There are 2 protein chains.
Amino acid sequence: MSAAVETPKKAFRRLPPADRKKQIVEAAVAYFSEFGFEGATRGLADRLGVTQPLIYRYFPSKDELIRAVYEEVYLSRWRGEWMQLLGRRDLPLRERLIAFYESWTSVVFEPQWMRIYMFSGLRGLDINRWWITFVEDHLLRRVCEEVRALSGLPSASETPITAAEIDGYWLFHGGIFYYGMRENIYAVPPRTPLPRFIEMAIDSFLQGFPEAVKSALPQAD
Amino acid sequence: MSAAVETPKKAFRRLPPADRKKQIVEAAVAYFSEFGFEGATRGLADRLGVTQPLIYRYFPSKDELIRAVYEEVYLSRWRGEWMQLLGRRDLPLRERLIAFYESWTSVVFEPQWMRIYMFSGLRGLDINRWWITFVEDHLLRRVCEEVRALSGLPSASETPITAAEIDGYWLFHGGIFYYGMRENIYAVPPRTPLPRFIEMAIDSFLQGFPEAVKSALPQAD
DNA sequence: ATCGTTACTGATCAAGTGCTAAACAAAGTC
DNA sequence: GACTTTGTTTAGCACTTGATCAGTAACGAT
């Protein structure tokens, strides 16, 4: 009955391809961070208020869309200033580290970033290895070099940073990261406020680590 | 053509229900740890050399099977001795902690356990909160109590363990756990052997933590 | 106004999903 | 050897998935 009821037939908006593409990637980050990479392209399209085939106009396959999500999360959210900051020897190392972690956690300790990180890690491929190596080279190694300088030890170019130093710092970096996991993945927010936790971690690190490195590199003089 | 070729028609084996059920759960742990919980029941059945509907004779739904996997991984692999070991005050705390982590990592630092842990964490439900709280109550709180005893501080029954103490130890526990993630999820095996890493972590912990607690609980005398 | 380009939709396919019901066959009992 | 029990298979339903393609309509140029 009631054939007179007319469906609104809402006209669709035509966006410049660049805009639409960006819009899709951003929605995909949010969507996949919720449902994982097995989330359906139809669900994503619904959320965008768009039909599903449209996604395939911008990305030849779902895998390609996922690649774009990786780029958005891992690359475009990485801040070059971080490495600069770590190297600023006019500031005490303690301050640099605290400032760095406050900035870094403001990007990384966020459900979207965290969940995409975990999902992509479990998916395998090469993203895993790439990211861990990247962090090791751009953050951990950097910090170890600063500790060397602080303790008057030979620079990395003279005596390469050892595996023990890297892994020694991983203990703290991983410990800080796990705070973010508890908060954003396991939804059991730690009761210690993040800034205080960071300070605590850094102080704990600076208290023992430099001495340990010093005695492990006895050939320095 | 060649209609004479007879399919071998291999006879199937009839197992006692308890055996078959156990077999299915164990295969499910392995299977889901590889593909995640969205792995298909048909794939699991193939791997078992069995047809897919058989799984539904033993588990009313896939969700129920997943619940059984949780139990297998989280409950049946937990060792009661761990808590006992941590409380053995006839041994130095350092030795207890090292022994505990060597035993604990032998169970947890394994692709199956680790990946199920991550997958279940991302799935949500209540497993997350339950596990984190469980670890906090059975391991971390325990360690904090031992540190109290070691430092001659008031026991937990007199002065409850504080959030700062728990989170302070999370830094180290999380840092150790992250070693397992690098190894088993991200497939970038750390170059420091695990036993050495554990020792390093414990020493680093014992060096600063007890003093920090002492000065944070000034009302003790 | 009209026209051409192309961003977008509607319809659809083939493959795969969890799950069910009925038929089959292996093992124990008499 | 016939009979019962029940572990296992075969067949299949309803639905969702990634992906395709022809057709529609929004927008800019003229």
Side-chain angles (χ1 to χ4, degrees), chain A residues 6-70 119-120 122-125, chain B residues 6-29 31-32 34-70 119-120 122-125:
Chain A
E6 207 153 308
T7 32
K9 195 64 183 281
K10 68 151 190 279
F12 58 85
R13 272 183 54 212
R14 251 172 102 108
L15 288 191
D19 291 11
R20 182 67 83 189
K21 187 161 190 174
K22 196 179 163 196
Q23 190 190 54
I24 293 177
V25 172
E26 273 165 17
V29 170
Y31 187 79
F32 289 142
S33 79
E34 258 184 75
F35 299 98
F37 292 111
E38 334 229 337
T41 51
R42 275 176 181 79
L44 169 58
D46 282 355
R47 187 173 280 197
L48 275 161
V50 144
T51 56
Q52 180 242 11
L54 186 62
I55 294 172
Y56 284 87
R57 178 169 187 92
Y58 293 92
F59 299 93
S61 70
K62 191 183 175 184
D63 261 330
E64 213 54 41
L65 171 59
I66 292 174
R67 268 179 49 93
V69 167
Y70 285 161
F119 279 123
S120 68
L122 289 165
R123 233 171 149 253
L125 255 63
Chain B
E6 207 152 314
T7 31
K9 196 63 180 288
K10 65 152 189 280
F12 58 83
R13 273 183 53 213
R14 249 171 104 107
L15 287 191
D19 291 11
R20 182 67 83 187
K21 188 163 189 172
K22 195 177 163 197
Q23 188 189 56
I24 292 176
V25 172
E26 274 165 17
V29 170
Y31 186 77
F32 289 141
E34 257 184 76
F35 299 98
F37 292 111
E38 334 229 338
T41 51
R42 277 177 179 79
L44 168 58
D46 283 356
R47 187 173 282 196
L48 275 160
V50 144
T51 57
Q52 181 243 15
L54 187 62
I55 293 172
Y56 283 86
R57 179 168 188 91
Y58 294 90
F59 298 93
S61 69
K62 190 183 175 183
D63 261 329
E64 214 54 41
L65 172 59
I66 291 174
R67 267 178 50 92
V69 167
Y70 284 161
F119 278 124
S120 68
L122 289 165
R123 236 174 146 249
L125 256 60

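In this text, all values refer to a predicted model and were calculated from it rather than measured experimentally. Below, chain A is the first sequence line, B the second, and so on; all start at residue 1. Just the heavy atoms: all of them, side chains too, but no hydrogens, waters or symmetry mates, feed the values below.
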Over 12 foreign heavy atoms within 6.0 Å of CZ, B:R13: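 Atom CZ in B:R13 is not crowded, with 12 or fewer foreign heavy atoms closer than 6.0 Å.
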Side chain to side chain contact (heavy atoms under 4.5 Å, CB included) partners of A:K21, counting only residues at least two apart: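 Only A:Y58, A:F59 meet the side chain to side chain contact (heavy atoms under 4.5 Å, CB included) criterion with A:K21.
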Set of residues satisfying side chain to side chain contact (heavy atoms under 4.5 Å, CB included) with respect to B:D63, sequence neighbours excluded: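 B:D63 satisfies side chain to side chain contact (heavy atoms under 4.5 Å, CB included) with B:S61, B:I66, B:R123 once adjacent residues are dropped.
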Base-contact (B) and sugar-phosphate-only (S) positions in nucleotides 14-24 of chain D, heavy-atom cut-off under 4.0 Å, - elsewhere: ---BBBBB---
Touch class at under 4.0 angstrom, heavy-atom based, for B:P16 against every strand present: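 Counting heavy atoms under 4.0 Å across all strands, no contact is made by B:P16.
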Length of the line joining [X]:[atom1] and [N]:[atom2], which is rounded to integer Å:
{"X": "A:D19", "N": "C:dT6", "atom1": "CG", "atom2": "P", "value": "17 Å"}
{"X": "B:E64", "N": "C:dC19", "atom1": "CD", "atom2": "C1'", "value": "15 Å"}
{"X": "B:L48", "N": "D:dT9", "atom1": "CG", "atom2": "P", "value": "10 Å"}
{"X": "B:F35", "N": "C:dG16", "atom1": "CZ", "atom2": "P", "value": "14 Å"}
{"X": "B:L54", "N": "D:dT6", "atom1": "CG", "atom2": "P", "value": "16 Å"}
{"X": "B:F59", "N": "C:dT20", "atom1": "CZ", "atom2": "P", "value": "15 Å"}

Mind checking whether [X] and [Y] have side chains closer than 4.5 Å, heavy atoms only?
{"X": "A:F12", "Y": "A:T51", "result": "no"}
{"X": "A:L122", "Y": "B:L122", "result": "yes"}
{"X": "B:V50", "Y": "B:I24", "result": "no"}

Closest to the A:L15 side chain, choosing from C:dC8, D:dG7, D:dT9: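 When the side chain of A:L15 is considered, C:dC8 is the closest of C:dC8, D:dG7, D:dT9.
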Closest listed nucleotide, where the reference is the side chain of B:R20 and the choices are D:dT8, C:dC8, D:dT9: D:dT8
Reckon [X] has a side-chain N or O less than 4.0 Å from the OP1 or OP2 of [N]?
{"X": "B:R57", "N": "D:dG7", "value": "yes"}
{"X": "B:Y58", "N": "D:dG7", "value": "no"}
{"X": "A:R14", "N": "D:dC27", "value": "no"}

Ring center gap for A:F32 and A:Y70 short of 6.0 angstrom: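 Ring-ring flag for A:F32/A:Y70: false, centres at least 6.0 Å apart.
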